[in-house]
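These notes are about the structure you will find just below.
As the structure lists them, so they are numbered: ligands from 1, and atoms in each ligand from 1. Worth knowing before you read on, the calculation uses all heavy atoms, side chains too, and leaves out hydrogens, waters and symmetry mates.
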Amino acid sequence: MTRYLANKRILLGITGSIAAYKSPEIVRRLRELGAEVRVAMTENAKRFITPLTLQAVSGNPVHEELFDLHAEAAMGHIELARWADAVLIAPATADFMARLANGIADDLLTTLCIATQAPVAVAPAMNQAMWKHMLTQENLRTLKARNIQVFGPTEGSQACGDVGPGRLIEPVEIVELLSRLFMTGSMSGLKVLITAGPTHEAIDPVRFITNGSSGKMGFALAEAAREAGASVTLVSGPVSIPKPQHIECLSVVSALDMYEAVMRKVSDYDIFLAVAAVGDYRCKVVAEQKIHKDQSAMMLELERNPDIVGSVGDLSPRPFIVGFAAETENVLEQAEAKRKRKNMDMIIANHVGGGAAMGADENTVTVFGLKRTVSLPPTLKTRLARQLIEMIAIEYQSKQKM
Ligand code: PMT
């Protein structure tokens with residue numbers, strides 16, 4: 001199965017092995033699948049391959065020192081550890097595995113592995129006798145027991161002339177295994193329908209009423225649900241961000257279009273995520289020709305649009321419903337009230353206004369589940385989406401058992 005790494009931030013660590021010549025190929029393949037890659041190298045790695053090569057293929061400066069004045073001002077080791085969605089050490093030498101297994105953090109790479117909360121994977125590469133040595137095997141067991149993923153090694157002829165286990169597995173396999181780390185399977189077999197973005201409510205042929213939703217939150221949730229194994233349909237208002245790959249995308253313009261698309265589809269779905277900032281009102285009459293500014297003031301008569309999530313909530317049977325509440329004041333109270341009014345299972349409250357949430361790359365949310373309420377810190381929407389999908393999957397499953 002082909003995997004995708006869209007919007008994933010991968011930190012590739014390279015240690016001193018002849019197999020380091022394969023690292024640029026790993027970077028290239030990661031980027032091909034949509035990942036952003038940063039590279040950190042040990043001193044010994046630089047004997048086998050130059051930082052310049054890795055800088056050129058990754059498109060980012062290479063990190064080499066634990067304490068680097070320039071790096072600390074921009075992206076020091078703690079920021080780098082926080083930045084990563086996954087840390088991959090390829091190739092990983094016997095020495096590196098030993099130091100990591102023993103919690104030694106005396107250089108940039110070992111420090112990053114210990115400082116990060118992201119999953120860490122190592123792809124070992126070493127001489128067959130070193131690989132078979134009981135110390136290496138003991139370190140391997142320790143790493144696995146500490147939840148560090150180990151990719152390979154494979155067997156074959158080695159640079160030193162030996163034949164046996166210890167060869168780095170191929171870049172294509174490494175990238176495949178890495179991408180599986182993001183495939184949680186928590187929504188495996190489920191069908192998820194998501195609305196995203198703003199709507200445009202026409203005034204005349206060239207003007208419309210809209211809002212600042214960019215679609216980022218909804219698109220990130222669609223991507224995360226797909227990674228969790230769901231089959232996803234995204235109904236999106238007009239946005240300028242790229243459509244996620246391998247997701248059915250329906251483009252709509254107005255709230256009425258969105259309502260019709262959702263109501264046509266929703267009976268086939270297990271989960272409905274209402275992330276769109278739907279226009280609550282539309283013009284009662286849309287002018288057929290451009291309105292000219294010959295009057296000092298203009299009155300627009302507006303009428304209510306249908307409430308999409310509310311209409312889904314009225315269906316019987318209905319899917320598991322998750323809505324968002326965008327508020328500028330009394331956010332949590334308003335969210336709880338909305339959840340009840342619109343018959344939603346979960347609601348995710350975000351404070352909007354002042355540049356927060358709408359249009360931004362980050363969001364700060366409070367999640368109201370079936371029985372618990374959790375506030376999350378400011379997080380990139382791509383990362384937050386993965387957390388939310390895991391929470392939604394748990395809540396969905398617990399409702400099935402009720
Ligand atoms: O797109 P981004 O720039 O990433 O911004 C994300 C976001 C701020 C738009 C998103 O996180 C968010 O809060 N979406 C809901 C926005 C909204 O319209 O909230 P609301 O409180 O007005 O509506 C409550 C719920 O009813 C929402 O789930 C909304 O999708 C739904 N609704 C509202 C009106 C309507 N006519 N039909 C609906 O389904």
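- Contact annotation: for Asp280 versus ligand 1, heavy atoms closer than 4.0 Å belong to the side chain alone.
- Look at Gly215 and you'll find a heavy atom under 4.0 Å from some atom of ligand 1.
- Of the options Ala356, Ser213, Gly212, the smallest heavy-atom separation from atom 9 (C) of ligand 1 is shown by Ser213.
- With atom 36 (N) of ligand 1 as the reference point, the heavy atom nearest to it among Ala255, Gly323, Pro306, Ser236 is part of Pro306.
- Interface of Ala325 with ligand 1, defined as ligand atoms under 4.0 Å from a residue heavy atom, comprises 21 (O).
- Heavy atoms of Asn305 come nearer than 4.0 angstrom to ligand 1 in no pair at all.
- In this structure, atom 23 (O) of ligand 1 lies nearest to the protein heavy atom Phe324 O, 3.8 Å.
- For Thr199, the side chain to side chain donor-acceptor pair (under 3.5 Å) partners are Glu201, not counting sequence neighbours.
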Extract all donor-acceptor atom pairs below 3.5 Å that involve side chains of residues 88-104 and protein atoms in other chains or at least two apart in sequence.
| from | atom 1 | to | atom 2 | distance (Å) |
| --- | --- | --- | --- | --- |
| Thr93 | OG1 | Phe96 | N | 3.1 |
| Asp95 | OD2 | Arg99 | NE | 3.1 |
| Arg99 | NH1 | Asp106 | OD1 | 2.7 |
| Arg99 | NH2 | Asp107 | OD2 | 3.3 |
| Asn102 | ND2 | Ala98 | O | 2.7 |

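- Between atom CG of residue Leu300 and atom CD1 of residue Ile203 there is a gap of 5.0 Å, rounded to the nearest 0.5 Å.
- Contact check for Lys216 versus Asp361: side-chain heavy atoms found under the 4.5 Å cut-off.
- Below 4.0 Å from some heavy atom of Lys216 lie the following atoms of ligand 1, by number and element: 1 (O), 2 (P), 4 (O).
- For atom 37 (N) of ligand 1, the nearest non-hydrogen atom of the protein is Ile308 N, 3.0 Å.
- Which parts of ligand 1 touch Val275 is read off a 4.0 Å heavy-atom cut-off, strictly below it: atoms 9 (C), 10 (C), 12 (C), 14 (N), 15 (C).
- Of the residues listed (Lys371, Arg372, Lys401), the one engaging Glu395 in a salt bridge (charged side-chain N to carboxylate O under 4.0 Å, His left out) is Arg372, and it is the only one.
- Between Gly279 and ligand 1, not a single N/O pair is under 3.5 Å apart.
- With a 6.0 Å cutoff to the six-membered ring centre and a 45° limit on the axis angle, Lys8 counts as a cation-pi contact of Phe182.
- Note: Glu138 CD to His133 NE2 = 10.5 Å, rounded to the nearest 0.5 Å.
- Taking only nitrogen or oxygen atoms, main chain and side chain alike, Met217 reaches within less than 3.5 Å of ligand 1.
- Proximity to Ala357 (heavy-atom distance under 4.0 Å) selects the following atoms of ligand 1: 3 (O), 5 (O).
- Considering backbone and side-chain atoms together, Gly359 places an N or O closer than 3.5 Å to an N or O of ligand 1.
- Within ligand 1, the atoms closer than 4.0 Å to a non-hydrogen atom of Val309 are 26 (O), 31 (C), 38 (C), 39 (O), numbered from 1 in the order shown.
- A distance of 5.5 Å separates SG in Cys113 from CG in Leu109, rounded to the nearest 0.5 Å.
- Scanning both residues, Lys338 and Ala325, for their nearest heavy atoms gives CD-CB, 4.2 Å.
- At most 12 heavy atoms of other shown residues, nucleotides or ligands fall within 6.0 angstrom of atom CG in Asn147.
- Ser254 and Asp257 share a donor-acceptor pair across their side chains, judged by distance under 3.5 Å alone.
- Ring geometry for Phe320 versus Tyr396: interplanar angle over 60°, hence perpendicular rather than tilted (30 to 60°).
- For ligand 1, the atoms closer than 4.0 angstrom to any heavy atom of Asp307 are 35 (C), 36 (N), 37 (N), 38 (C), 39 (O).
- By the 3.5 Å distance cut-off applied to N or O atoms, Gly218 is not counted among the residues near ligand 1.
- Of all non-hydrogen atoms in Val27 and Ser58, the two that sit nearest each other are CG1-CA, 3.7 Å.
- Contact annotation for Asn350 and ligand 1: only side-chain heavy atoms (C-beta onward) come within less than 4.0 Å of the ligand.
- Of the protein's non-hydrogen atoms, Val278 CB, 3.5 Å is the one closest to atom 35 (C) of ligand 1.
- Taking a cut-off of under 4.0 Å to the non-hydrogen atoms of Ala274, the atoms of ligand 1 that pass are 27 (C), 28 (O), 30 (O).
- No more than 12 heavy-atom neighbours from other residues, nucleotides or ligands sit within 6.0 angstrom of CD on Gln117.
- Among all non-hydrogen protein atoms, the one lying nearest atom 18 (O) of ligand 1 is Ala277 CA, 3.4 Å.
- Across the listed options Lys342, Arg341, Lys381, Lys338, Lys381 owns the non-hydrogen atom lying nearest to atom 5 (O) of ligand 1.
- At a heavy-atom cutoff of 4.0 Å, ligand 1 is contacted by the backbone of Ala276 but not by its side chain.
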